Amino acid sequence: EGGQIFLHWMEAINKEIEKSRSLGFDDEIVTLEKARDALAAAAMHLGGLGMAGNLDGALVYATSFLTLFGTVVLGQHSLQQARVATEAMTAKSDLSESDRRFYQGKVLNLKFYAANVLPGAIALSKTIRSGDETPMDDALFG
């Protein structure tokens, strides 16, 4: 249906970013936005190949696209968990040590994920959009 499911997901990640924007995750949000945009660019590229009838060109990157999408979705979830944790730590002054450490772990997970994993999503998008279709060359199957 013209990418409606993807667009619906894009709305969801954008809403999460906006909910989290005021909580001090500026660097992490910038990185997530770059990864989100890289995912959108890869989706548009692959969709364009498919619409042009180049299914081989689109399918050669199917696994890479799923990896890219999963990486960005987990970034979205990391941001959501860090937001919920920060809100809980702000709202409750009587947290147990265990709960405090758990919530701090969610924030630290976002920081790690944004610094170490999400940049790989950007690189993977560039790979998908490279146009390299050599794995589909007939010479490899003859």
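Bear in mind that the values here come from a model prediction, so they are computed numbers and not experimental data.
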Taking L124 as the starting point, is it possible to reach L59 by hopping between hydrophobic residues whose side chains are less than 4.5 Å apart?
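Result: no, two separate clusters.
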Evaluate Q76 against R36 for side-chain contact (heavy atoms from CB on, under 4.5 Å), listing each step before the verdict.
CA-CA 9 Å; Q76 173 191 6; R36 175 206 58 204; over 6 Å; no
For the CG atom on L140, are there more than 12 heavy atoms of other groups (residues, nucleotides or ligands in this structure) within a distance under 6.0 Å?
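Correct, the count exceeds 12.
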More than 12 heavy atoms from other groups under 6.0 Å of CE on M44:
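No, because the 6.0 Å sphere around CE of M44 holds 12 heavy atoms or fewer from other groups.
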Taking it one step at a time, do I5 and W9 satisfy side-chain contact (heavy atoms from CB on, under 4.5 Å)?
CA-CA 6 Å; I5 294 172; W9 175 81; 5.9 Å; no
Taking all atoms of both residues into account, what is the closest heavy-atom pair of [X] and [Y], and its distance?
{"X": "P119", "Y": "T31", "result": "CD-CG2, 4.4 Å"}
{"X": "F6", "Y": "A43", "result": "CZ-CB, 4.0 Å"}
{"X": "M10", "Y": "A40", "result": "CE-CB, 4.0 Å"}
{"X": "A42", "Y": "I128", "result": "CB-CG2, 4.1 Å"}
{"X": "G70", "Y": "Y113", "result": "O-OH, 4.4 Å"}
{"X": "L49", "Y": "A58", "result": "CD1-N, 3.9 Å"}

Show which residues join V84 in its hydrophobic cluster (side-chain heavy-atom contacts under 4.5 Å, direct or indirect), or state none.
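The other cluster members (ILVMFWY side chains, heavy atoms under 4.5 Å, direct or chained): none.
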When the ring planes of F65 and F69 are compared, do they come out parallel, tilted or perpendicular, using 30° and 60° as the limits?
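F65 vs F69 ring planes: perpendicular.
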Any donor-acceptor pair under 3.5 Å linking the side chain of T86 with the backbone of A82?
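Between the backbone of A82 and the side chain of T86 there is a qualifying donor-acceptor contact (under 3.5 Å).
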Test your reading of the model: is there a side-chain donor-acceptor pair from Y61 to the backbone of D132, 3.5 Å cut-off?
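Such a contact is found between Y61 side chain and D132 backbone.
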Apply salt bridge (charged side-chain N to carboxylate O under 4.0 Å, His left out) to E97 and R100, showing your working.
CA-CA 5 Å; E97 179 65 17; R100 187 184 59 74; 2.3 Å; yes
Is the closest basic N to carboxylate O distance between E18 and K15 below 4.0 Å?
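Salt bridge flag = no for K15 with E18.
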Answer whether the closest heavy-atom distance between the side chains of R21 and I29 falls below 4.5 Å.
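In contact.
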Does the pair V107 and M89 meet the rule for a side-chain contact (heavy atoms from CB on, under 4.5 Å), with working shown?
CA-CA 11 Å; V107 172; M89 288 188 290; 4.1 Å; yes
Partner of L118 by side-chain contact (heavy atoms from CB on, under 4.5 Å), out of L74, L110, L32
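Going through L74, L110, L32 one by one, the side-chain contact (heavy atoms from CB on, under 4.5 Å) with L118 is satisfied by L32 alone.
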Would you give the length of the straight line joining atom CD1 of I122 to atom OG1 of T127, rounded to the nearest 0.5 angstrom?
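The distance works out to 12.0 Å.
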